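Before any comments, here is the structure.
Residue numbers start from 1 in every chain, and the chains themselves are labelled A, B, ... in the order their sequence lines are given, proteins ahead of strands. Owing to the predicted nature of the structure, the values given are computational and were not obtained by experimental measurement.
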Protein chains: 2
Amino acid sequence: MVRIEHGSTHEAVRRHNLSVVLRQLHLQGALSRSELAARTELNRSTIKALVEQLDSLDLVVEGDLDLRGTRGRPSTMVGIRSDQVVTLAVEIAVDSIAVAVVGLGGHVLDIRRVDRGTDGAAGTDVDDMLGTIHALATELCQPDRPVVGAGVAVVGIVRRADGFVHVAPNLGWTAVPLGELVASRVVQEVLGYDVPVSVANEADLGVLAEHTRGAAQGAADVVYLSGEVGIGGGIIADGRWLTGARGYAGEIGHMPVNPDGLRCGCGGRGCWETEAGERALLRLAGDANRPDAPDAPGRRSGAGAVDEIVTAARGGDPQAGYAVGEVARWLGIGLAGLINVFDPERVVLGGMYGRAFDVLEPTLVEILKDRALTPSSGTELVPAALATAAPLVGAAELAFTPLLEQPDRVMDALMNRRSQ
Amino acid sequence: MVRIEHGSTHEAVRRHNLSVVLRQLHLQGALSRSELAARTELNRSTIKALVEQLDSLDLVVEGDLDLRGTRGRPSTMVGIRSDQVVTLAVEIAVDSIAVAVVGLGGHVLDIRRVDRGTDGAAGTDVDDMLGTIHALATELCQPDRPVVGAGVAVVGIVRRADGFVHVAPNLGWTAVPLGELVASRVVQEVLGYDVPVSVANEADLGVLAEHTRGAAQGAADVVYLSGEVGIGGGIIADGRWLTGARGYAGEIGHMPVNPDGLRCGCGGRGCWETEAGERALLRLAGDANRPDAPDAPGRRSGAGAVDEIVTAARGGDPQAGYAVGEVARWLGIGLAGLINVFDPERVVLGGMYGRAFDVLEPTLVEILKDRALTPSSGTELVPAALATAAPLVGAAELAFTPLLEQPDRVMDALMNRRSQ
DNA sequence: TCGAATTTGATTACGCTAACAACAAAATCA
DNA sequence: TGATTTTGTTGTTAGCGTAATCAAATTCGA
């Protein structure tokens with residue numbers, strides 16, 4: 001693929017500045033006009049004009065004065081229309097499906113989640129799942145509330161360009177054109193007009209969420225690990241979300257770490273998630289105190305069982321402590337490689353790694369001190385901040401991207417589509 | 001680190017367009033004005049003005065007409081002043097030191113290389129090495145030829161911000177402020193004025209070179225592997241050179257691939273370069289037909305010995321074939337992990353992997369088919385195109401970066417400095 | 001409580017830059 | 001040789017951010 005670098009024109013400047021202002025408000029919620037001027041290094045006059053345009057697009061509201069008690073004339077506050085401009089966020093997880101309406105600024109206005117096999121929700125059948133999403137979206141959507149886009153988080157390998165799910169082992173899916181399906185059988189039917197539908201991997205959206213509103217805020221280089229049934233990974237490099245040439249980046253679960261390890265479903269041996277994933281923890285802790293059979297197909301996530309083990313380890317249980325220690329060791333060995341490859345500013349641990357952060361950290365730090373080449377003080381290790389909300393928040397963020405990049409175009413196009 | 005997104009102004013637009021035009025010419029060598037207009041999507045009038053400004057900065061020349069025989073008035077060709085605007089490129093390798101004068105457009109105008117221990121060149125002592133570089137640079141530099149920057153490639157872990165070499169195991173260095181040293185004891189003394197000095201890891205500059213002028217041209221997502229004494233790595237992600245938060249990114253040599261492998265100098269066990277590096281190949285092929293003792297300190301690179309083994313493998317020698325096969329196997333196992341993490345469009349193999357590409361490829365392809373999750377047809381595997389020139393070309397490219405980004409500022413500043 | 005100082009909003013004029021339009025120039029093609 | 005096509009050149013226009021100025025609204029100090 002050859003990239004041609006284009007020149008800039010007036011409109012590009014305007015659009016960029018409009019985008020910068022809107023993004024600031026999206027991230028901060030509300031700012032005074034003078035603060036906007038300071039952050040963007042733009043002139044007061046320019047900010048006024050930009051805010052007026054955003055106002056005319058129904059994206060922001062100019063409200064009260066900024067009453068902070070500083071001297072001088074107080075500045076006008078500019079707020080986000082978080083209730084008037086929303087996206088639809090969908091999460092297709094292993095054991096549940098969730099749909100949320102997320103307002104500009106990242107506010108989750110409403111959310112519905114159903115577990116698989118309950119509430120009439122489907123198993124992993126694609127059609128049933130679309131039906132579930134359709135039903136949830138219908139409940140949530142108010143006809144007068146404009147929706148600017150939809151984002152879908154799914155536990156699978158997703159092609160960025162069109163939301164084609166190449167494979168989703170934990171759902172039993174192969175070759176599902178999820179983007180098209182959601183567009184035609186959910187968005188178009190529920191809303192009555194088309195909006196862009198973006199699909200991405202759950203962990204990739206996790207890092208996007210943590211970077212925008214969670215534990216990775218302000219960090220330009222981030223590695224995010226999410227311990228669920230497998231190990232998911234997402235990366236921010238140089239301030240940008242890394243998705244790879246096709247969108248498959250961040251598939252770290254099957255990095256080889258132990259050639260003598262157990263066989264993995266992918267055909268390899270000693271993959272990272274075989275050694276440091278949820279099943280490894282359950283296996284190492286022994287099956288006695290755990291009701292689930294860890295290898296039963298279609299089983300529900302062992303989150304409850306994992307938490308029991310972690311609690312036991314905190315309480316001094318030797319078997320649980322051993323299991324946690326081993327998982328931490330293999331986690332650290334793989335993580336050392338990633339740190340050497342990316343040199344991240346911060347590593348964010350989500351999923352079960354986030355919940356068990358306190359018991360994992362000591363071992364991790366020790367392993368990394370040995371194995372990571374970069375000065376050890378360089379990389380921060382922190383737990384995720386958004387917990388289970390991360391994929392939905394990330395999906396919403398992804399769906400907001402076109403609006404944030406081209407506020408005027410997206411809103412104009414939306415007006416046309418809705419009025420038809 | 002908090003990033004503030006700034007707005008754009010007139011000057012930013014002008015600078016961007018100036019930069020885009022100059023970069024096109026830097027990459028293509030010469031283009032007609034109408035081609036420039038087409039590529040940049042800028043107006044004819046604008047291109048004229050921009051080219052005139054670049055001409056007044058002594059960066060380009062307007063020359064003959066474009067005589068391609070198409071109908072219509074022929075367009076004026078715009079060429080690069082490759083002989084008038086140059087950078088100094090320095091390579092500090094394990095067994096040699098090289099200095100080159102590289103003109104705009106990437107033309108290597110002149111080059112001097114000395115092996116360590118010959119020609120009065122130093123071993124690995126920092127002072128001696130600076131002396132060598134000083135001598136070579138003095139020979140190469142013509143006083144009337146303006147130098148806009150200097151770039152240094154070094155086999156070590158380098159902090160991007162200031163060119164501080166944290167550690168360079170193969171040179172025996174620790175904590176060497178190489179950027180400062182080259183600036184004060186080479187550039188300032190040889191040229192008589194200051195220019196920015198940038199330092200980076202050899203493999204990182206390798207991928208920059210291959211991406212700009214080699215086998216990775218046009219690819220937005222690239223993984224580059226260089227097999228030398230160790231394994232060096234460089235990454236292009238989403239069209240951008242990836243250096244990490246501090247500049248240590250791409251240190252893939254010590255990724256753990258085999259916990260039962262040999263001890264590595266880094267303290268780990270079964271690091272990638274222990275299993276798939278030069279020493280592994282020499283070890284696996286047996287020592288009988290090789291004069292060098294592979295583990296003698298300060299030894300010269302075993303490039304010759306490696307090539308002997310590769311040639312023997314091509315000829316059907318079973319021992320050599322086994323050694324090459326094992327190296328390919330471990331190389332593939334590690335590479336599968338990298339492919340899953342980055343989802344690159346292209347993987348470029350340099351150093352000994354490039355020279356042995358034909359004998360490595362079959363095994364690599366087989367391993368990747370098994371181990372890499374992404375559709376196997378997705379990622380291209382190609383040998384490097386620039387061979388030993390890559391680090392110097394990359395260093396020059398790095399040194400040209402400020403000029404390409406802000407042509408007017410850099411040239412004005414240079415004028416002032418040289419006239420003092 | 002009142003005036004000075006400070007900071008911001010609003011308005012207008014200005015400068016910079018790219019685009020546009022019209023015409024001239026230089027080639028190909030029939 | 002004339003029609004056609006493409007590009008260079010020139011003057012004009014439009015868009016956008018900035019600077020300058022004045023008015024407005026607050027805090028601070030006496």
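Listed by chain and number, the residues in a salt bridge (Lys or Arg N to Asp or Glu O under 4.0 Å) with A:Asp162 are A:Arg159 (sequence neighbours excluded). In this view, B:Val61 and B:Arg81 satisfy the side chain to side chain contact (heavy atoms under 4.5 Å, CB included) rule, not counting sequence neighbours. Residues forming a salt bridge (Lys or Arg N to Asp or Glu O under 4.0 Å) with A:Glu11 (at least two apart in sequence, or on another chain): none. Not a single salt bridge (Lys or Arg N to Asp or Glu O under 4.0 Å) links A:Arg160 to another residue, sequence neighbours left out. The side chain to side chain contact (heavy atoms under 4.5 Å, CB included) search around B:Ala49 returns B:Arg14, not counting sequence neighbours. A search for salt bridge (Lys or Arg N to Asp or Glu O under 4.0 Å) contacts involving A:Asp110 returns A:Arg112, not counting sequence neighbours. Partners of B:His107 by side chain to side chain contact (heavy atoms under 4.5 Å, CB included), not counting sequence neighbours, listed by chain and number: B:Ser82, B:Leu109. Among residues two or more places apart in sequence or in another chain, the side chain to side chain contact (heavy atoms under 4.5 Å, CB included) test is passed with A:Arg417 by A:Tyr193, A:Asp194, A:Pro196, A:Ala413.
Using a 4.0 Å cut-off on heavy atoms, the residues of residues 45-52 of chain A that approach DNA chain C are A:Ser45, A:Lys48, listed by number. Scanning residues 70-78 of chain B for heavy-atom distances under 4.0 Å to DNA chain D yields B:Arg71, B:Gly72, B:Arg73, B:Ser75, B:Thr76.
Where A:Glu62 and A:Thr9 each meet DNA chain C at their nearest nucleotide, the meeting point lying more 5' is that of A:Glu62. Two residues, A:Glu11 and A:Glu35, neighbour DNA chain C, and the one matched to the more 5' nucleotide by heavy-atom proximity is A:Glu35.
By the 4.0 Å N-to-carboxylate-O rule, B:Glu405 lies too far from B:Arg15 to be salt-bridged with it. Salt bridge B:Glu345/A:Arg246: absent, no basic N to carboxylate O contact under 4.0 Å.
Residue pairs meeting the ring-ring contact (aromatic ring centres under 6.0 Å, His included) criterion with at least one member in residues 19-72 of chain B, sequence neighbours excluded, are B:His26-B:Phe400.
A:Arg33 has no side-chain polar atom (N or O) that falls below the 4.0 Å cut-off from OP1 or OP2 of C:dT8.
Protein chain A touches strand DNA chain D; the 5'-most and 3'-most nucleotides with an atom under 4.0 angstrom of its non-hydrogen atoms are D:dA14 to D:dC28.
Between the CZ atom of A:Arg44 and the C1' atom of C:dT6 there is a distance of 11 Å, given to the nearest Å. Atom pair B:Asn17:CG and C:dC16:P shows a separation of 17 Å (rounding to whole Å applied). In this structure, CG of A:Asn43 is placed 17 Å from P of C:dA13, rounded to the nearest angstrom.
Remark: the B:His10 side chain and the C:dT17 base include no donor-acceptor N/O pair separated by less than 3.5 Å.
Nucleic acid contact for B:Arg14: sugar-phosphate only, since backbone atoms but no base atoms lie under 4.0 Å from a heavy atom of the residue.
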